[in-house]
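Each chain gets a letter, A, B and so on, in the order the sequences are listed, and its residues count up from 1.
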Amino acid sequence: MKIQSTMTGNKENFQPIHNNRINLFVCGPTVYDNSHIGHARTYIAFDVVARYLNYRGYSVFYLQNITDVDDKIIQRAAETGASPRMLAKRFEQRYLEDMHALGVTNVNYYARATEHVPEIISQIERLIELGFAYETQSGIYFDESRFQDFGKLSHQSVEDLKKHRIEPDPTKRNPGDFSLWKKRQDGEEVTWNSPWGLGRPGWHIEDTAITETYFGAQYDIHGGAMDLIFPHHEAEIAQMEATSGKKPLVRYWMHTGFLNVNGEKMSKSLGNFTTIRDMLQKYEADAFRFFVLLAHYRSPIDFSEEALEQAGKSLERIRQAARIIEKQLQTAPASSATKPTDPSIDPDVAEAKARFLESMDNDFNTPYALRAVFDLVREVNRRINEKTISRKGLQDASEQLREFGEILGLGFYAAGKKSQGKAEAITGNLIELLIETRQKLREKKEWQLADEIRARLNELNVVIEDAKDGGRKYYV
RNA sequence: GCCAAGGUGGCGGAGCGGCCACGCAAAUGCCUGCAGAGCAUUACCACUCCGGUUCGAAUCCGGACCUUGGCUCCA
């Protein structure tokens with residue numbers, strides 16, 4: 001298995017630190033607003049990474065932090081009149097709901113920054129002792145000049161980093177020194193006691209304090225989006241490697257490409273964002289997941305409604321095949337209906353699986369893995385068309401398709417959105433009644449009325465596909 | 001200015017030395033009462049440009065051009 005690491009720029013052979021165990025950390029959100037679909041892209045990508053590693057037999061501990069204390073939270077709270085704590089709680093809850101709705105279900109533990117302040121303080125104390133951090137009037141800062149490797153992840157030299165867009169704080173030793181602890185300013189209500197008085201943690205330190213707590217000084221995979229490489233992940237490397245003296249902090253750095261809109265990064269500040277909630281009002285979660293998986297996780301993707309609809313149709317092709325298989329299994333006789341000369345589909349199923357795994361092993365190449373899925377779909381459809389597939393072949397293909405879906409987190413066998421509900425037991429029976437009646441009309445060749453019923457049901461998103469044996473129905 | 005990621009058919013998007021993506025959309029045929037779905041076949045003769053290496057380059061090397069992102073808020 002190979003993983004491309006941002007540190008080297010190459011695909012590296014994957015080798016966990018502890019045998020079978022994998023510690024995976026992905027930077028979570030700052031909970032000051034609803035998350036948008038750019039966030040969703042990243043978390044779906046790592047959800048699939050975790051799913052696949054688990055499938056491959058590793059024991060994955062997937063850890064994510066929640067930044068619930070931060071300038072932005074305080075600022076937003078001040079704007080809206082809410083307390084920062086309550087605001088963070090609210091948007092954390094919404095974030096978790098969004099992830100659930102998207103099928104992102106493989107994070108083992110969400111660690112809040114505010115629940116790890118003692119660990120944060122401990123790490124800062126050690127950095128001061130070791131001479132990597134110093135105190136000023138405004139807080140504690142990391143002394144970048146003391147850490148030789150600064151810039152190694154983003155491939156920038158210390159010289160490169162001397163240029164700045166923002167005017168540096170003159171009280172710091174080096175312009176690039178970043179904040180570890182912010183001392184309390186007038187009126188701030190979110191504070192903790194520390195050896196340096198009341199204050200709150202800087203942004204970068206929470207992640208290394210959290211990963212040190214659960215993983216120790218070194219771990220396997222760190223993920224996040226491209227924009228976190230600098231300065232955030234550089235800061236993490238500096239903090240933890242300086243504290244522990246152990247290198248590297250992380251074996252494999254995985255970074256996802258941006259979700260763009262008209263070629264521009266989707267972001268809060270540009271105002272071109274769509275929240276996950278809004279998107280899910282209009283589209284099915286799995287259609288979005290499919291859209292994400294259609295591109296490699298490192299590639300930028302351009303979001304548009306057209307692209308999402310196209311992805312939805314592609315997914316429908318797989319689901320359609322799943323429906324056809326189910327239908328066949330229901331109606332096919334128990335014994336094989338094929339001729340003895342018909343070749344078994346087993347080799348095709350095996351080949352699809354091998355290609356799928358090979359693609360996933362190659363830095364989680366989901367688009368190439370999907371090719372194997374589509375190849376299997378076509379082969380099964382072909383054989384059903386030609387009546388050269390046995391009952392066992394259908395079952396094997398069905399199981400394989402289901403397994404692909406589980407690895408990718410896609411419900412190939414899902415009925416489609418909005419198929420379940422409360423009053424639907426009655427509705428379902430009424431629909432069945434209509435369909436039966438219509439079938440009788442067809443037998444009497446009352447085509448006009450039969451077609452009208454089909455068209456009207458279609459308007460209600462009940463799709464009927466006719467065949468000699470009565471066809472099948474499904475909901476969209 | 002420095003660093004990074006890109007530029008592939010009508011669209012999305014893999015590949016990264018020779019063959020083939022895959023999907024969406026399209027065309028023709030098969031099937032079908034019709035529609036839909038499915039299958040088969042086809043087309044799009046695609047790789048930003050200019051040099052070079054090679055029997056052979058989208059892929060390797062050199063040089064341009066363009067797009068996006070980062071340069072201390074960011075998934």
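- Taking only distance into account, the side chain of A:D302 never meets the base of B:rG6 through a donor-acceptor pair shorter than 3.5 Å.
- Not a single donor-acceptor pair, N or O on each side, falls under 3.5 Å between the base of B:rG36 and the side chain of A:R454.
- For A:R289, the salt bridge (charged side-chain N to carboxylate O under 4.0 Å, His left out) test picks out A:D47, with sequence neighbours left out.
- Rounded to whole Å, the distance from NZ on A:K152 to P on B:rG70 is 24 Å.
- Closest contact between the side chain of A:Q156 and the listed nucleotides B:rC34, B:rC2, B:rC24 involves B:rC2.
- One can place CZ of A:F291 at 16 Å from C1' of B:rA14, the figure rounded to the nearest angstrom.
- Computed from coordinates, the A:I301 CD1 to B:rU68 P distance equals 18 Å when rounded to whole Å.
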Atom pairs under 3.5 Å: protein N/O with N/O of nucleotides 37-40 of chain B:
from, atom 1, to, atom 2, distance (Å)
B:rA37, O4', A:E465, OE2, 3.3
B:rA37, O2', A:Q320, NE2, 2.4
B:rG38, O3', A:N381, ND2, 3.0
B:rG38, N2, A:N385, ND2, 3.2
B:rC39, OP1, A:R317, NH2, 3.0
B:rC39, OP1, A:N381, ND2, 3.3
B:rC39, OP2, A:R317, NH1, 3.2
B:rC39, O4', A:N385, ND2, 3.2

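- Interatomic distance, CG of A:L401 versus CD of A:E326, reported as 9.5 Å (0.5 Å rounding).
- Residue A:K265 is classed as a base contact, given a heavy-atom separation below 4.0 Å to a base.
- A:N365 comes within 4.0 angstrom of sugar-phosphate atoms only, judged by non-hydrogen atoms across all strands, and of no base.
- If you measure from atom CZ of A:F258 to atom P of B:rG6, you get 13 Å, rounded to the nearest angstrom.
- Annotation: B:rG36 and B:rC65 have their C1' atoms spaced 48 Å apart (nearest Å).
- Between the CD atom of A:E306 and the P atom of B:rG13 there is a distance of 13 Å, given to the nearest Å.
- Among the protein residues, A:L259 comes within range of the nucleic acid bases, having at least one heavy atom under 4.0 Å from a base atom.
- Residue A:D71 is out of contact with every strand shown, counting any heavy-atom pair closer than 4.0 Å.
- Note on A:A295: only backbone sugar-phosphate atoms sit closer than 4.0 angstrom, heavy atoms only; bases stay farther off.
- Here B:rG33 is the nucleotide among B:rG33, B:rA75, B:rA5 with the atom lying nearest to any side-chain atom of A:D466.
- Nearest nucleotide to the A:H36 side chain, out of B:rC71, B:rC34, B:rA75: B:rA75.
- Summarising the geometry, the separation between CD on A:E234 and P on B:rC73 is reported as 15 Å, rounded to the nearest angstrom.
- For A:S314, whose side chain is taken as the heavy atoms from C-beta onward, the closest listed nucleotide among B:rC34, B:rA5, B:rC24 is B:rC24.
- The side chain of A:N260 has B:rU68 as its nearest neighbour among B:rU68, B:rC71, B:rA35.
- The interatomic distance linking A:D286 (CG) with B:rG23 (P) rounds to 20 Å, in whole Å.
- Electrostatic pairing of A:K182 and A:D71 counts as a salt bridge here, judged by a charged N lying under 4.0 Å from a carboxylate O.
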